[in-house]
Every structure is written in C-alpha cells, then in structure tokens.
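We're numbering straight along the sequence, starting at 1.
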Amino acid sequence: MRLLQHYQRLSLAFPAHDGPARLADIAAALHCSPRHARELMQSMADNGWLRWLPGLGRGHASRLRLLAPAGQLEMEAVRGHLADGDIEKALRLLPTAARRQVAELLPAYLGVPPAEPQTLRLPFYRPLHSLDPVRINRRTECHLIRQIFDGLTRYDRAQGQIIPALSHHWSHDGEWRNWRFHLRPGVAFHHGRALDGEDVRQTLLRLRNEAGPHQGLLSHLEDASQSAPLTVDIRLTRPDALLPLRLADSAASILPRECWQQADFGRFPIGTGAFKLEVNNDYRATLRAFDRHWKERPLLDTVDIWVVDDPDVRAQLDARFCHPDEPAVRPSLYQLEAGCSYLAANPARLDSVQRRALADWLHPTVWQAALPGEPALGMLPQWRHRPAPVQPQPPRLPPTLRLVTYQLPAHIELAEAVARRLRDIGSRTALTVMSYPDFARYDWLDDADLLLTGEVMADDVDFGVYQWLCQDAGYRHWLEEGTRQRIRLTERKLTMEPDEERRWQGYEALARELVEEASLIPLRHHLQTMEFAPQLRGVTLAQCGWMDFGKAWLAPPL
C-alpha cells in the first residue's frame, strides 16, 4: 500500500509523463533521498506501473514513462481490500473526495457471500459509540451489548418471561431484600478466563457507584458478597420484586473485573456473550461467533457492520433498516415500535398552562403534518391518553425558543416540523442538533426551552416501561416537584408488585398523568422495517428494530 501511495505522489508531480526526469526532482516528489527514490522506482517498474531508465553519468537526465493511471491502481487496491472485508484500508487509500467511489463499489462486496464462512454484512449510518454497558443507553449499542455480554438473567421474548443466563438458579428471602444467585460453572470470557463470583460482585458494585445513565438501576444495592466461588448474595436496602428483571438489563451485563478499568474497554469490550468484538472503528464493527459460549454457538460465523451513510448504496445491500418512505422490494419485516418520539418543555420557561396549550396545538387532530410513522396518543401505541382538544387556540409562547434534539434522522425530521409549526404562530424556534454523547450529558438543559427525544423498549417491554416512567428518561429532568414525588411513590409500589398485570395497571395510570399534565407530549410512533435477501434465514426483529444475530443464518444459493 505504501508503494502505491508513492506512485500516487509521483503521478501528481509528473502527470501522464513520458520523457526526461531528473532523479533529484523525483526524490523531491517522493519526499525521500535520491538513493531511496532509485529503490522505489525500481519496485514500481517491477510492478509494471512505469518504465524508468536511469541517466548514466553526471548531467544525464533519466527517462520516465508512467504506464498505469494512478486512479486505476487505487481502485484495484480498493477492490482487493474490500474483497478481504477490510474497508478501513480501502478508505485510507483514497482522498476524502474520492471515497464516494468506495460507496459505489460496496454493493458488490457487502452482500451475503456465497460460500463459507457464514458472514453477514450490513450497513449502519454512523460509527458505534462506546459498548461499555454502564456508559451507553442508545438502542443500537444496547442491542450489540446483548450480543457481546450476558447477564445473570435474560428475558426470553418467545416465552415472555425472565429465564436463567449466567445464573442457573436464584432465590430470595420472601421479602425481596436478600437474594442468592448460583452461577453456571465453566463459563468463559472472550479472553479465556473463567467467570467467577468476584466478577459479578464487582460488576454490580460498579453499576451502583459509577455515574452514568444507568446508575439508578441498582441504587438500592446495599452489598454484594460471595458465600462460595460460584454463589453471589445480594442485599438490598428496600424490597424489590423486580430484581431479576433489572439484572437482565443490558446495563447489568457481567464484566471481567480486570478489564473494565482499561481506557479502551468501551471500544473493545470483553464479555461472555455469543459474539466477541474483533474490530470497532469509524468504518466498521466486526462480531465473530464465540465458540466457547456457554449456551450455544451462533449459526453465523461473522457479522460485519459497515458504516455506509448513502441511501442509494444502502438500498442495494442484503439487509437494511429502511426509512419509512423507502419502498421495500425484497422480503421484509415490519413492526410499530414500542415507544415514541416526544417533546418536553422546560418548566422554568413554559408554565403548566403553556405546556398544555402546546400539547393541544401539536395534537394529531389539529396538526396535520405529513410525517412518517403513526400519531402518538400515548407513550405506547396501545395507549390513548391524549383526547382531541376542543377548539384549540395557538399557545402564547415566548417570542424565541430553543429546541434541542440529537443526530437521529427521524428526530431531526420531526424537530424541524415542530419548529415550523411554532414559527407559524410567531415563535421563532431555533433548532440545535447535537451528537448523542453531547445530548446525553444534559448540561445544556438550563439554556433550552424544548427537547425532542424518544424511547424504544427492549424486548422486556414490562421493565422497559418501568424504567421510562421511574428512572432516567429525558423528560424527567424537567419535572416539577409534585410530579417527582408522585413518581417516587409509584416506583416504590411497583417494585414490590410481583404481578405483571397489576404493574401494567400502575404504568398506565402514571403515564396517563404525565401526558394529561403535558410533562411530556407524545408525537409519533415510528415503523421499524428491515429488508433482507431471500437467502438470509431466521430473521427476527428485536423490539429495538435490530436483527437477532443469534438466530440468523445463510442458506446456500440455489
């Protein structure tokens, strides 16, 4: 590759050259000594890229003829790297302006390979953020965390219940304050060491102690201890019938105790999951099947997620997550997300009367915006908590507003529509779009009037709704104190309720209050669509809209 870079430099200095060329000028173009330039020229000549006749004696010019267009050599090298699945080297070969050519080549290389090994390659629109379970709460990263890590428990969507994972059995004292978890023997981390109780103990204490989006998950953990090498006792400060649900959350994934302190752990995490992460950079993430997984080896050998933010290219790939406006022409799966995009208002800028008037003004029976998805009349599609307003009037809002969202195409599109709707009634609305890590710090709240964000449940919708209502969702930063107190009381009741049906009654009552008082304003439910090639089998959609890699496999071509 370095020799090709030298030829690129030579081609720029001597475009389409066929004639005399001084060695000193060649060395200057190659940024090296004349002696090294001679060696490079000979290597390029051996490759058939040029002809070079060194001048004999002082004052005699050499003769140089370039035979191969540099662009042609670049693309040949790019194709070779793409065939090897190495998109990083392919992109590094080209200047930024020429990288569009790589995008045009990708369909030929991102497809499902016809032969073993079983490698699935699919596109994603951005590089992945940290995959440290404690530090990330984006749905894509959380889905991948579930492929790389295991928790003590796991939610099984087919059974609709929590089942054993790293812990094969657990029990409690009858009051849900003291729990005992028994670990599976022989479980291996990706780097080879066996799992033991100390890994579990330190993971849980870290989740409680380390600041981050999930710190509230185990804030009532008093202590975790080992009564035997593969037995962990958990003591809580208050009863919690939901502890097995909490421990199935991606944030409670069990980590090797010697690794999570490392600076690059978020980029290259180590778990016990069915896939281990081999590559994670700005161009791709590569997951490889972990042969020693305690449960079962995946059917796929490799999952390659390549960063391709080009709609035309993505439309030609073998599996893609479709925008609602894109036609699906191959086998597809659809589902309405369990969650919604919503708006929240800063109570220091908009009082309760203004917030309710704003909610009415953005109600789907009043606001006929042609937007993707379905109108949200509640936080979940099955809830109808927003009755149609009677003769809604434009809300009296401040003359200028700042609306903040993050870099998710669906949210940006929706935020732009909201801003237009408010500008129509005389409120100049400035839209700020942040990267997700900047958005999630919430250090901008005091300077904002409105935020537009969203929530999509994981497979365990029961516990997902509990977290949304009672823990760290975006709207909670702007709740008034009376509402906060009601939520705290509701949370205590829900954590002591082992019956799922009664919990759902509590969820709906609290969600109705939040919507009716306009603490949050549901806007849209988005349709999740995945299109895939016919030879890709076993495709199922998780609640987050991603494919369950553990069940997918590739049929041989007919």
Side-chain angles (χ1 to χ4, degrees), residues 137-138 213 339-369 371-373 375-379 385-386 389 392-456 468-469 472-481 483-484 487 511 513-526:
N137 62 352
R138 296 199 77 170
C340 69
S341 295
Y342 63 88
L343 196 72
N346 187 344
R349 308 292 181 91
L350 278 73
D351 61 29
S352 59
V353 173
Q354 289 173 306
R355 293 198 300 273
R356 287 189 174 92
L358 176 62
D360 286 348
W361 194 244
L362 296 177
H363 194 278
T365 62
V366 177
W367 182 33
Q368 300 297 328
L371 294 170
L377 299 177
M379 295 162 64
H385 297 161
R386 297 182 67 194
Q393 299 298 315
R396 295 182 178 180
L397 301 176
T400 59
L401 291 170
R402 184 188 179 206
L403 169 59
V404 178
T405 192
Y406 61 88
Q407 290 172 338
L408 181 69
H411 285 169
I412 295 171
E413 185 176 13
L414 188 54
E416 290 173 342
V418 169
R420 289 193 298 270
R421 173 74 171 163
L422 300 184
R423 291 182 194 124
D424 289 344
I425 57 172
S427 187
R428 296 191 303 276
T429 302
L431 175 60
T432 300
V433 179
M434 295 183 171
S435 69
Y436 185 80
D438 290 339
F439 179 88
R441 284 198 292 268
Y442 292 113
D443 53 4
W444 46 266
L445 285 167
D446 290 343
D447 297 323
D449 303 289
L450 303 169
L451 72 84
L452 193 150
T453 184
E455 196 75 23
V456 180
W468 191 7
L469 291 170
D472 291 324
Y475 71 91
R476 286 176 56 84
H477 297 276
W478 280 344
L479 292 179
E480 295 181 329
E481 186 54 34
T483 303
R484 291 180 186 275
I487 289 179
E513 288 183 31
L514 293 171
V515 171
E516 288 179 347
E517 69 184 23
S519 289
L520 62 80
I521 303 171
L523 295 175
R524 308 293 291 184
H525 303 297
H526 298 287

**Message:** Going by side-chain contact (heavy atoms from CB on, under 4.5 Å), T405 matches just one of T453, L452, L343, T432. Which one?
**Reply:** L452
**Message:** Please find the pair of heavy atoms, one from N137 and one from Y436, that lie closest to each other, and give the distance.
**Reply:** OD1-OH, 2.5 Å
**Request:** Taking R386 for its side chain and P522 for its backbone only, find out whether a donor-acceptor pair lies under 3.5 Å.
**Result:** yes
**Item:** Any Y406 side-chain heavy atom under 4.5 Å of S435 side chain
**Value:** no
**Prompt:** Does the side chain of L377 reach to within under 4.5 Å of the side chain of P364, using non-hydrogen atoms?
**Reply:** yes
**Asked** About how many Å separate CD of Q407 and CE of M434, when rounded to the nearest 0.5 Å?
**Response** 10.5 Å
**Message:** Between L403 and V418, is there a side-chain heavy-atom distance shorter than 4.5 Å?
**Reply:** yes
**I425 vs L397 side-chain heavy atoms within contact, under 4.5 Å** = yes
**Prompt:** OG of S519 to OH of Y475: how many Å apart, nearest 0.5 Å?
**Reply:** 8.5 Å
**Request:** Using modelled atom types only, decide if a donor and an acceptor are shared between the side chain of W444 and the backbone of F439 within a distance under 3.5 Å.
**Result:** yes
**Point-to-point distance, once rounded to the nearest 0.5 Å, from OH of Y442 to NE2 of H477** = 4.5 Å
**Request:** Determine, step by step, whether W478 and R349 satisfy the side-chain contact (heavy atoms from CB on, under 4.5 Å) criterion, reporting the C-alpha distance in whole Å, the side-chain angles of both residues, the deciding distance to 0.1 Å, and the verdict.
**Result:** CA-CA 10 Å; W478 280 344; R349 308 292 181 91; over 6 Å; no
**Asked** Just by modelled atom types, is the P398 backbone N or O under 3.5 Å from a matching donor or acceptor in the T400 side chain?
**Response** no
**Asked** Are any of the side-chain heavy atoms of L450 and L358 separated by less than 4.5 Å?
**Response** yes
**Inter-residue atom distance L431.CG - R423.CZ, 0.5 Å rounding** = 7.5 Å
**Student check: side-chain heavy atoms of L401 and L422 closer than 4.5 Å** = yes
**Prompt:** When you measure from the side chain of Y342 to the backbone N and O of L451, does any donor-acceptor pair fall under 3.5 Å?
**Reply:** no
**Prompt:** Looking at side-chain heavy atoms only, is the closest gap between H525 and C340 below 4.5 Å?
**Reply:** yes
**Message:** Check D449 with R402, please: is the shortest side-chain N to carboxylate O separation under 4.0 Å?
**Reply:** no
**Asked** Sequence neighbours excluded, which residues qualify as side-chain hydrogen bond (donor to acceptor under 3.5 Å, both in side chains) partners of Q393?
**Response** none
**Over 12 non-hydrogen atoms of neighbours within 6.0 angstrom of CG in D446** = no
**Request:** Under the side-chain hydrogen bond (donor to acceptor under 3.5 Å, both in side chains) rule, collect the residues that match up with D351, sequence neighbours excluded.
**Result:** none
**Request:** To the nearest 0.5 Å, tell me how far H526 NE2 sits from L371 CG.
**Result:** 9.0 Å
**Asked** Is the CZ atom of R484 crowded by more than 12 outside heavy atoms at less than 6.0 Å?
**Response** yes
**Prompt:** Measuring from E516:CD to H385:NE2, what's the distance to the nearest 0.5 Å?
**Reply:** 8.0 Å
**Short side-chain to backbone donor-acceptor contact, R396 and A357, under 3.5 Å** = no
**Prompt:** Below 4.0 angstrom, N of the basic side chain to O of the carboxylate: do E480 and R355 qualify?
**Reply:** yes
**Request:** Would you check if there is a donor-acceptor pair between the side chains of S352 and E517 at a distance under 3.5 Å?
**Result:** no
**R524 side chain vs S341 backbone, donor-acceptor pair below 3.5 Å** = no
**Prompt:** Under the side-chain contact (heavy atoms from CB on, under 4.5 Å) criterion, do R476 and I487 qualify, and how do the steps go?
**Reply:** CA-CA 10 Å; R476 286 176 56 84; I487 289 179; 3.2 Å; yes
